[in-house]
Amino acid sequence: MRLFWVGFFIFWPAVAVIACYIAPGMNWWFPGEAGSPIGRQIDDLFYMILWIVTAVFIAVQAVMGYVLWRASATDNKRAFFSHGNHHLEVIWTIVPAGILLFIALYQMDVWAHYRIQSQYPTEAAKAPIAEVTARQFEWRIRYPQPDTKLEIKPQKHDLYAVNELFVPAGRPVMIYLRTEDVQHSFFIPRLRIKQDAVPGQVIPVWFEATKPGEYELLCAELCGWGHYKMKARVIALPEEEYYAMIEKLEQAQSFDGVPAEADDSNADE
Amino acid sequence: MRHLAVLLLTLPLAGCGAFSPPEAEFVLRAQTEELDSKVRTAVAKEMDETFGTPHALVAWLKLPVDYGGYAGVTRTSKLAGKIKSLSVRFEDDQLAKFTEAFADKSGNYSFPDAGLQLTWLSGPLSGTAIPVIGYNPEKRELALDEAIEPHPPADTPFVLQAGETLKYGRRLYMTHCMHCHGASGDGAGPTAKYLNPLPRDYRLGQFKFKSTRTDQKTSREDLKRIILNGIPGTYMPSFLLLKEDESHAIVEYIRWLGMRGELENSVVINELRLDFSKDAIKQRSSEEGSETSDEINESVSEVIGQLPEFFDSYGDDMAELWAAADEEDSLIVPAVARIEDSLESRVRGRRFFLEKCATCHGHTGRGDGQMTIDFQKNTEDPAGGLYPIPGLHDIWGHQVKPRNLMQGVFRGGRRPIDLYYRLYGGITASKMPAFNTAEPELLWDTVNYVLHIPYETPADKAAYKTEDDKYEAELKAAPPTAEGATPPTGEATTTGNETP
Amino acid sequence: MSNRLLVTSLPLCALAVCLCVWMSGCDQGIGGGAYSDVSVKVRSATLETTADDGAGTSTTTTDQTATGSGPGTFSGRVVFDTGAISFPPLIAQGQDVKDKQVCSAEAVPNEKLVVDSSGGIANVFIFLDAAPKGYKPEKEELEPILFDQKNCYFRPHALVLRAGQPIRIINSDPVAHNANIQVKRSQGFSQTVNSSDTTGVVTSFAKSEKLPARVTCEFHNWMEAHILVADHPFAVVTAADGSFEIPNLPSGTHTFRVWHEAASDPLERGLKVTVKPGESTTMELKYGRAKFSKL
């Protein structure tokens with residue numbers, strides 16, 4: 001019995017160490033590898049906290065195992081009773097407080113970069129690429145006409161799309177997020193971006209997709225019975241392809257139903 | 001002992017017990033329910049045989065629906081003996097589909113464990129199905145699980161996995177669409193009552209936003225576009241992430257549900273309601289010079305005997321219309337390319353708008369025209385009364401609001417061609433008429449004007465005002481024709497109450 | 001101690017399990033469950049006719065029994081039992097309505113029920129439900145019928161159109177109209193006819209209708225007319241004095257419908273008329289106010 005309980009308390013820290021060690025490689029904790037620099041920073045913060053917690057957990061388990069081993073060694077020795085020990089109380093208050101303070105200070109940069117508007121990447125903040133309007137149960141997207149700036153108020157030549165957001169890859173981009181009805185949440189798991197859309201507000205959100213590809217966009221706020229189907233895709237494209245795609249969108253949007261060959265007279269416009 | 005009792009008491013509460021949700025069923029239209037009970041039962045039976053139930057669908061080959069599966073015919077006819085392999089011939093497109101679904105890279109076919117269902121479409125075994133467990137591409141032979149007898153003659157048509165697309169469509173429909181549009185496509189699913197506008201009731205076979213000419217049905221392409229893009233301004237969300245085969249299956253299932261309701265409706269409305277509704281039967285037997293109950297019974301059994309013929313002939317008519325909608329020449333193609341958007345074009349378009357559209361859409365396009373406050377005749381009311389609420393009503397009997405064009409939200413799409421479709425083809429199901437007699441240039445002018453309504457600038461308004469004045473002056477200079485007519489004027493509202 | 005705990009917690013656990021099962025819907029294809037088992041049966045496109053079917057034995061699918069030979073005529077008059085009756089105009093001259101310069105330049109008559117001084121009812125449809133058995137339509141080129149919109153009402157107010165016969169819808173008014181012909185068997189027709197368009201729009205309906213279809217104008221909600229599409233020539237509308245004549249009827253007993261727009265049910269569902277070769281069967285059909293419930 002003695003061996004069992006000591007082994008029991010030693011076994012779990014061992015599992016924890018192994019799990020922590022192989023977790024990043026196995027992609028256990030995250031929905032895929034972070035697709036953006038800020039996403040990697042956020043992951044790093046997570047891992048840092050994970051390591052701190054693991055270290056504390058192992059330490060506590062080790063002490064437990066030791067105490068069990070020692071206390072059960074001699075049957076008739078009375079245990080030391082430490083309840084109300086002032087020094088111990090001070091130690092285990094100050095140490096966690098210090099750790100928390102460290103975490104709070106350490107993550108401030110990332111947080112500011114991620115959420116504080118004055119810290120947004122200037123290029124992205126200057127030229128928001130689209131307005132994303134959440135609606136039960138879809139994402140409606142409005143791009144500015146190529147070579148114009150996105151205005152909060154819809155403009156005549158804006159381009160419209162639904163459930164498919166094109167972004168240029170490899171640089172930060174900013175969107176305006178709003179909602180037409182209830183509260184939704186703009187969540188691109190791979191890019192580690194999650195921002196609530198609040199009725200009546202236009203919220204600037206920036207993110208970056210390092211590599212071209214397709215990213216899932218979900219609603220992360222229970223918004224009604226159709227919440228589960230409120231899915232869209234974000235498609236990151238190399239810069240030129242992105243502009244070509246917007247051009248294509250513009251052409252599709254101004255389609256007048258006349259087959260191309262018959263439309264030559266107007267094609268120059 | 002006690003906890004065992006508790007356990008037993010809670011079991012009936014579980015899903016398998018008394019509180020399980022109701023079975024999905026295809027409901028009949030209200031007009032069918034109003035028929036004499038014998039006729040109603042006969043219609044219900046005929047509907048079941050023609051379309052089945054949500055659990056046992058019927059793929060009626062008369063309808064232009066892609067039910068799925070792989071069609072082929074037998075090649076040889078063996079006259080005697082039991083056989084376990086069947087020489088067959090597939091058309092190229094069917095074979096390609098079949099190969100893509102079941103063959104691996106080296107050309108070996110492998111089927112699911114239960115095999116594929118082969119359904120005979122005619123011949124001695126017509127209607128029966130047998131499992132197929134393999135296919136030999138060299139010999140072009142299907143391996144059967146059990147021997148069949150008699151062997152069908154050559155060129156007997158069959159389908160493998162008949163109704164696969166219909167089944168798939170049903171599954172997707174039940175997942176994504178049913179809660180609003182209802183299991184029967186009656187637009188009365190569990191969530192429908194919370195929505196405004198109400199979800200579409202497919203059972204008249206009519207849809208609003210189509211690219212086909214005014215006298216045509218909706219094409220597959222139109223339905224797909226609506227499913228993928230959703231309808232802004234309503235609760236219909238976009239299902240853009242559906243895969244190609246998924247949206248195809250849903251479109252086919254929706255068309256099938258539409259045809260189901262439409263056929264029921266046309267048989268009941270045209271052939272049965274007049275003489276065989278409960279009221280009609282009551283009248284026929286109560287009026288002076290009335291028919292005897294024997295006479296009525298005889299006519300009832302006669303009409304019941306005719307039901308299969310009605311379903312057949314009305315089915316033919318309907319199938320023709322639905323098939324025609326996907327023909328190339330049903331699509332509206334403007335005779336001229338879009339007129340370039342300019343102030344002059346918009347001024348011309350606005351004149352057209354004031355003459356033709358303002359009655360419903362209002363002089364400034366706010367959707368507040370005169371027709372929205374007039375009471376309209378109820379076309380479905382046998383007593384010929386008015387609708388209880390003012391405004392326009394669609395063929396489903398619901399009030400429809402002419403679009404407020406100030407909002408720049410266009411339900412059927414916002415491309416210029418989408419607006420052209422609406423103008424040229426109208427919206428048959430609601431009260432929007434087709435303007436296909438107007439000059440195409442003028443329609444493009446109107447499209448330009450309508451697209452610009454939300455973005456009118458003071459300069460535009462000044463130009464419109466000038467044109468109004470000029471128009472008035474011309475009218476005064478050249479007095480109207482003998483009829484004493486002056487065309488409708490829009491100046492009163494266009495200059496007075498613009499929002500800044 | 002631990003035994004007691006087990007005793008009390010087991011029913012709770014059972015309850016929780018059952019609740020879960022209940023909420024998850026038992027996972028066996030309940031109701032409209034998208035994943036429940038579905039079978040598909042194939043139904044042939046052609047109708048399988050069975051000999052013992054009721055329709056097979058009955059020779060009179062539509063009540064007409066043709067006996068004898070040679071055609072006859074059915075004629076007569078439809079009258080209002082209390083004699084003449086008149087209604088004030090639908091729109092008085094100068095009344096403030098839409099497009100009043102045109103529409104109330106003259107009064108728009110109320111044509112819901114038109115009874116002349118001698119009591120004859122106009123615009124009553126008298127028609128066979130279906131072509132008589134054995135009737136073969138002659139191949140004839142059907143002349144287009146003119147349907148006008150003038151002074152904001154339809155002219156004529158009631159007309160019979162043969163299936164496939166062209167109808168030319170014109171507009172003599174200097175304002176646009178929109179004829180919406182609500183046929184049930186063909187796809188409906190709703191099209192704007194431009195102001196003063198005397199060439200108009202030509203259309204036709206391939207399928208016969210059971211009852212006259214209502215025609216309305218989307219722009220002027222008082223405008224109304226009725227068009228019956230028939231696939232045989234045995235359908236007429238009574239003249240202004242209520243008289244009608246249906247010639248060339250195969251001899252035998254026919255069942256006519258008599259229909260008027262102001263009556264919510266047909267005036268006659270099945271009027272039995274026996275036609276003898278070469279003779280004319282005459283009838284006076286008299287109806288009272290009570291029949292015209294839509295007035």
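Quick caveat, the model's predicted, so the values are computed rather than measured. Naming: A, B, ... by sequence-line order, numbering from 1 per chain.
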Check your understanding: For C:Val201, is it the side chain, the backbone, both, or neither that has a heavy atom closer than 4.5 Å to a heavy atom of chain B?
Key -> side chain

Point to revise | Option that, when pairs with chain C are counted at under 4.5 Å, heavy atom only, ranks first among B:His176, B:Lys217, B:Lys62, B:Glu49 | key: B:Lys62

Check your understanding: Given a strict heavy-atom distance threshold of 4.5 Å, which part of B:Tyr173 is in contact with chain C: side chain, backbone, both, or neither?
Key -> neither

**Study point:** Under-2.5 Å SG separation for cysteines C:Cys152, C:Cys103
**Key:** yes

Practice item. Check whether the ring centres of C:His226 and C:Phe125 lie less than 6.0 Å apart, and answer yes or no. Key: no

**Study point:** Residue list, salt bridge (Lys or Arg N to Asp or Glu O under 4.0 Å) with C:Glu224, at least two apart or on another chain
**Key:** B:Lys377, C:Lys112, C:Arg214

Practice item. Heavy-atom pairs under 4.5 Å with chain C are the metric here; pick the option from B:Met432, B:Glu271, B:Met318, B:Gln370 that has the most. Key: B:Glu271

Exercise for review: Check whether NZ of the Lys or CZ of the Arg C:Arg185 lies under 6.0 Å from the centre of the six-membered ring of B:Tyr314 and within 45 degrees of that ring's axis.
Suggested key: yes

Study note, to complete from the structure: Honestly, the part of B:Ala183 sitting under 4.5 Å from a heavy atom of chain C is neither

Revision key, fill the gap. In terms of heavy-atom pairs under 4.5 Å with chain C, the winner among B:Asn270, B:Thr175, B:Thr359 is B:Asn270

Practice item. Find the one option among B:Leu63, B:Leu321, B:Leu274 whose heavy-atom pairs under 4.5 Å with chain C are most numerous. Key: B:Leu274

Review point. Would B:Arg284 count as a cation-pi partner of B:Phe276, with NZ or CZ less than 6.0 Å from the six-membered ring centre and within 45° of the ring normal?
Key: yes

Check your understanding: Does any donor atom in the side chain of B:Arg170 or B:Tyr168 lie under 3.5 Å from an acceptor atom in the other side chain?
Key -> no

Exercise for review: Using non-hydrogen atoms and a 4.5 Å limit, figure out which bit of B:Ser122 sits close to chain C: side chain, backbone, both or neither.
Suggested key: neither

